[in-house]
Structure formats: structure tokens, C-alpha cells
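So you know, we letter chains A, B, ... as the sequences are listed, proteins then strands, and number each from 1.
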Protein chains: 2
Amino acid sequence: MAGTLDTKVQAQSLVDVVAERLEAAIISGQLEPGAKLSEQGLAASLGVSRGPLREAIRRLEGRKLLERTPNIGVRVKQLSLQDLNEILQVREALEGLACSLAARNMPDAEIAALKRMLDGHEKQKSVQENTGYYHEEKNLDFHFSIVAGSGNARLIQMLSGDLHYLLRVYRHKARPKPGRAAQVLREHRAIVTALERRDPVAAEQAMREHLRHARRYVEEQLAAEGEAETGPAPMGRTRTLD
Amino acid sequence: MAGTLDTKVQAQSLVDVVAERLEAAIISGQLEPGAKLSEQGLAASLGVSRGPLREAIRRLEGRKLLERTPNIGVRVKQLSLQDLNEILQVREALEGLACSLAARNMPDAEIAALKRMLDGHEKQKSVQENTGYYHEEKNLDFHFSIVAGSGNARLIQMLSGDLHYLLRVYRHKARPKPGRAAQVLREHRAIVTALERRDPVAAEQAMREHLRHARRYVEEQLAAEGEAETGPAPMGRTRTLD
DNA sequence: TATCTGTAAACTGTTGACAGTTTGGCCTGC
DNA sequence: GCAGGCCAAACTGTCAACAGTTTACAGATA
């Protein structure tokens, strides 16, 4: 059997283990948005009973990762174009706050590490050629470092927990414009500069501007895609470019 | 029996009903922070089995309203002073965003209604005498109107769903400073003025300044209280002034 | 051929019972 | 009188089974 999870002893309850597994599967994209979860099937493949599984599902439901329709079943939350835009607006405000706090609280060493990280990115071929990707993994690393540097636990949880998976999801859908990579790098540098100056206002502004660009950019991408479709334009797995 | 809930037909599942009940009880303060919930007792008094109750609890757990310790039980989430401060920081950023969006999206009629609401408050005796309260209920109404006017569903859900109960909780603990009521009213007027001008930047700034004051103020109140205690200063039900 | 209907299978919603852990009290010994 | 350990009751964690609903398929009819 390929799914039994009796590896970890139950220092934490079964529900915790199952919830973590599900979250990981959703974030990693292994469970695609809109995918239906069969309780029986999942319980069997995870090697647990339906009870704990249902409780784990309820928890993720409370975090808006899953969605249940009575008597029908549960699906991975599917986002409309409008949902995505709304969430990105929220992210803009929250990461702006995080950056402001980081300007005050982040240790010098971590800021220096951030700067070195950007130096590394600059040398990356794809950025130099202005064609590539600015590999999103590293983009996320950059943002997460700053969020973590804010020192606000609730904020960290919101941004890296609940919104994290969204960035992963639309990452597959947003194809970078040529020239964007270099611009992103410039904006990142502006942010780090503000952090080094320990200027919360400038840091917040730089981050929000950066994310506003990213949002506008994603909006264009998705709007163009949305025009071709009808209805509320659910952004599911229309294109998987892995 | 004083707790059977077979009034509503089950267009929604038992779990939904129970979760709503629990949330209401938490928000209203009927279940105080730190209070322990007995599964058996609750299930009996609600007239449901333990299964659905546990699932409802898990959902609220995902929303950070409840907290479970393995093999011990579940308690209403208790906030430390630091938690509260962090949450208020987040609220500052989010309501700032809400106000900025409201400046763009809120219908003229609703802004006018907001203005009338403030006129009503001004005539209130407690405000004129600068002694009273500026009755917090109405304060919340004001903020909720603006949040609702933002048109961002996710934002509305975050602010009026998950953070709502916090405002209720610390409301019981923060005693107003003399003179504060008049200041609050001034700040509210400044916000409405910015909304009328349809100036998103000014509106956001006004709201954030207003909330920053409120936060500083609450910080003082609680810091003074916290000094007397030891440890992480859990703010539970040290004083209930109902 | 297409549509409607009825039946059966599959799945979700709920319940009750069993196993393991914690907690509180009581007793014994120092 | 006090500390430590043992025992029992209560509670949480988990599971298997039952009831109700939805869905899909097959057959009949227009």
C-alpha cells in the first residue's frame, strides 16, 4: 500500500498528520483546484478512518482551502478571477506591513543575506538575458524572508500559510513578460535598500509598489485568458505547464 | 431541555449549525477566552452527537477561534498581549486597504448615511460631555460600514469574520480615556471627508492614523495592566465590566 | 433515436461503542 | 503533617456500522 502514514508516532493526533498531508498536497499542486476529494478513497489511501479525515477536512475548510457542498462532497477551493484579484489586494497590504515591520525588526545579518541573495539572482543567466523566468521559487524565497523578518507571528501565518498556496497556483498560469525579470530585480533592490536604511515608510511603499506591479501584470495575463471563456472564469487547471 | 437546535431544518448540515452556534457564543462572549469546552457536555446540551460537534470544533480551530491540546481538550483561544498587538497591526493594514477601496467603490448614498451616523453620534450626550464611551457598538458599526463598502469579499470576511470577535473581547477591557471620545469623532469625520472626496490615499491614511491611535491607546491600557502580572500576560477575563 | 423513469450502487451524514490517556482523589509510608 | 504512589472515574481519540441522499445506468416508451 502506497499511502500509510504510520511513520510518525502520534505525538500529534491523527487529525494533525492528515491535515498537514492534505495541506501539503494542495500547496504543492498535487491536488489541483476544483479536484474532488472522495472521503472513502482518501481514507483508504491514507490508511485512516473516515472520522479523523473528515475532521482534518473541516479544519482546512475553516482556512478556506477546501470547500464543501452538502451531500455532494468537498473540493479544493477554486478561485474566480475576482477572488484572485481580491486576494492579491489583501496580500499587497499585508506584505507592505510586513516590509515595514521588517525595516524595524529584521536583524542586520538577515538583510545582508537578502542582499547577497539578490546578487546571486543577478548573475543568473535568465535574468541577464531578460528572457527567463526570474525563477519563481527564488522570488518566493525573497518575499518569505522579509515576511519572516517582520516578527509578527500572525502576519507570518497569514502570508506564508493561507496565501502561500495561491502564489503557487497562479505561478503556473502567469507567463512572464520579456523585460519583467530585470524590473523585478530592480524593485527588489529598492526594497532591500529601504530595509538597509531602516526606513519603514519607504520599505512599505517599495514593497507595495512592487506587488502592485505584479498584480497589474497578473491581471492582464488573466484578463486576456478570461475573455476567451464565459461566466465567472474559474481559474482551475486550464493550462498546466510543468 | 434548553439547547436542542432542531428549529432549523437541515438545509445545511448539522456541522454548519453547530459551528455557527459556537461562533456566536464565542463572539458574544458567552464563551469566555480560555474557557474549556467539554465535548460530552456540549454535545449533550446541543442535542447532537460528538461527531458533528468535533467537526465543527475543527473548523473553528482552522479559523484560530479555538485551540486544541492533544488528549487534554479544547479551549477558546486566549490572546497574549503580544498576540493582540500583532492582530491590531494587521487590522490597521487591512482596514486601511478597506478604506482606500471604499473611497473608490462605496456608493454615494452609503457615504451620506455614514455622515448622518456621525451627526447622530455627535448629539449623543456622552460624547458632548467627553466622559462617556462613544458607545463601542456604534464605533463598530462605523468601521463595518466602511469595510462592507470596500466591495472586497475576502477582506470583508477577514475583518468582520475572524477579527470581529477580538474587538468584542478587548472592548470589555479598554476603558476610555477622558477626551478620547471627541478625538475619535474628529478622526471619523476626517475619514468620511476623504471618502466624500473620493481620495483613496487620504482615506487610507486617515483610517490608519485613526487605528494607530486606537492601538497605541489600547497598548497603554494593557501594558499598565500587564505590568502587574507575570509571564506572557494572557488577557482573559481578568475584569468583566458588563 | 431521443427522452423519461425507475432502480441500484456509491457516497455523504450521523451515531454509538471501544481503546488509550489524563486527572483527581485516596491511601500508605516516612 | 506531608510527600509519593496507586487506583478509578472521566474524558479524548478512533473506528465501524447504519441511515439518508445523490448519481449513474439501464430499460421502456414516444
Side-chain angles (χ1 to χ4, degrees), chain A residues 1 3-23 25-26 31-32 34-62 64-78, chain B residues 1 3-23 25-26 31-32 34-62 64-78:
Chain A
M1 183 177 293
T4 54
L5 37 71
D6 39 17
T7 54
K8 277 187 182 176
V9 208
Q10 41 204 23
Q12 46 190 351
S13 85
L14 254 187
V15 177
D16 296 326
V17 180
V18 171
E20 275 179 29
R21 278 240 174 163
L22 285 180
E23 181 185 352
I26 294 172
L31 282 174
E32 294 165 356
K36 190 192 171 197
L37 277 63
S38 157
E39 291 185 3
Q40 281 189 168
L42 255 186
S45 78
L46 287 175
V48 301
S49 174
R50 275 180 58 218
L53 172 63
R54 279 176 64 94
E55 293 184 18
I57 289 176
R58 294 294 187 183
R59 188 189 284 176
L60 297 180
E61 209 177 306
K64 309 286 175 190
L65 288 174
L66 295 177
E67 201 174 22
R68 169 166 299 228
T69 323
N71 288 320
I72 301 293
V74 357
R75 298 184 165 282
V76 179
K77 174 90 175 181
Q78 186 137 2
Chain B
M1 179 177 293
T4 53
L5 38 69
D6 38 16
T7 55
K8 277 187 180 174
V9 208
Q10 42 202 25
Q12 44 189 354
S13 84
L14 254 186
V15 177
D16 296 325
V17 180
V18 172
E20 276 179 27
R21 280 240 174 163
L22 284 181
E23 181 185 350
I26 294 172
L31 283 174
E32 292 166 357
K36 190 190 172 198
L37 277 63
S38 156
E39 291 186 2
Q40 281 189 169
L42 256 185
S45 77
L46 288 174
V48 301
S49 175
R50 272 182 60 217
L53 173 63
R54 279 176 64 94
E55 293 184 18
I57 289 175
R58 293 294 186 185
R59 188 188 285 175
L60 296 181
E61 210 177 305
K64 309 288 174 191
L65 288 175
L66 295 178
E67 201 175 22
R68 163 161 260 149
T69 324
N71 288 320
I72 302 292
V74 5
R75 298 186 165 280
V76 179
K77 175 88 174 183
Q78 187 136 0

(request) Would you check if Val18(A) and Leu42(A) make a side-chain contact, meaning some heavy-atom pair closer than 4.5 Å? (result) no
(request) Would you mind classifying the nucleic acid contact of Ile57(B) as base, sugar-phosphate or nothing, using non-hydrogen atoms under 4.0 angstrom? (result) nothing
(message) Checking side-chain contact (heavy atoms from CB on, under 4.5 Å) between Leu22(B) and each of Val76(B), Val17(B), Leu31(B), Leu65(B), which is the one that passes?
(response) Leu31(B)
(request) For Leu37(A), report the nucleic acid contact type (base, sugar-phosphate, nothing); a contact means any heavy atom under 4.0 Å. (result) sugar-phosphate
(message) Can you measure Arg68(B) atom CZ to dT14(D) atom C1' for me and round it to whole angstrom units?
(response) 12 Å
N/O-N/O pairs, protein side and nucleotides 6-10 of chain D side, under 3.5 Å:
none

(message) Once side-chain hydrogen bond (donor to acceptor under 3.5 Å, both in side chains) is applied, do any residues pair with Arg75(B), and if so which ones, sequence neighbours excluded?
(response) none
(message) Between Ile72(A) and Lys36(B), which residue's closest nucleotide on DNA chain D lies nearer the 5′ terminus?
(response) Lys36(B)
Taking only N/O atoms, report every protein-nucleotides 15-18 of chain C pair under 3.5 Å with atom names and distance.
| residue | atom | partner | partner atom | Å |
| --- | --- | --- | --- | --- |
| dT15(C) | OP2 | Ser49(B) | N | 3.2 |

(request) Would you give the length of the straight line joining atom CD of Glu20(A) to atom CG of Leu60(A), rounded to the nearest 0.5 angstrom? (result) 10.5 Å
(message) Restricting to side-chain hydrogen bond (donor to acceptor under 3.5 Å, both in side chains), what partner residues turn up for Glu67(A), sequence neighbours left out?
(response) none
(request) Looking only at side-chain atoms of Arg54(B), point me to the closest of dT14(D), dT12(C), dT23(D). (result) dT14(D)
Output a table of donor-acceptor pairs, distance under 3.5 Å, between side-chain atoms of residues 46-58 of chain A and any protein atom two or more places apart or on a different chain; print 'none' if there are none.
| residue | atom | partner | partner atom | Å |
| --- | --- | --- | --- | --- |
| Arg50(A) | NE | Glu39(A) | OE1 | 3.2 |
| Arg50(A) | NH2 | Glu39(A) | OE1 | 3.0 |
| Arg54(A) | NE | Glu55(B) | OE2 | 2.7 |
| Arg54(A) | NH1 | Glu39(A) | OE1 | 3.4 |
| Arg54(A) | NH1 | Glu39(A) | OE2 | 3.0 |
| Arg54(A) | NH2 | Glu55(B) | OE1 | 3.1 |
| Glu55(A) | OE1 | Arg54(B) | NH2 | 3.2 |
| Glu55(A) | OE1 | Arg58(B) | NE | 2.9 |
| Glu55(A) | OE1 | Arg58(B) | NH2 | 3.3 |
| Glu55(A) | OE2 | Arg54(B) | NE | 2.8 |
| Arg58(A) | NE | Glu55(B) | OE1 | 2.9 |
| Arg58(A) | NH1 | Glu61(A) | OE1 | 3.3 |
| Arg58(A) | NH1 | Glu61(A) | OE2 | 3.3 |
| Arg58(A) | NH2 | Glu55(B) | OE1 | 3.3 |

(request) Supply the atom-to-atom distance Leu66(B) CG to Arg59(B) CZ, rounded to the nearest 0.5 angstrom. (result) 12.5 Å
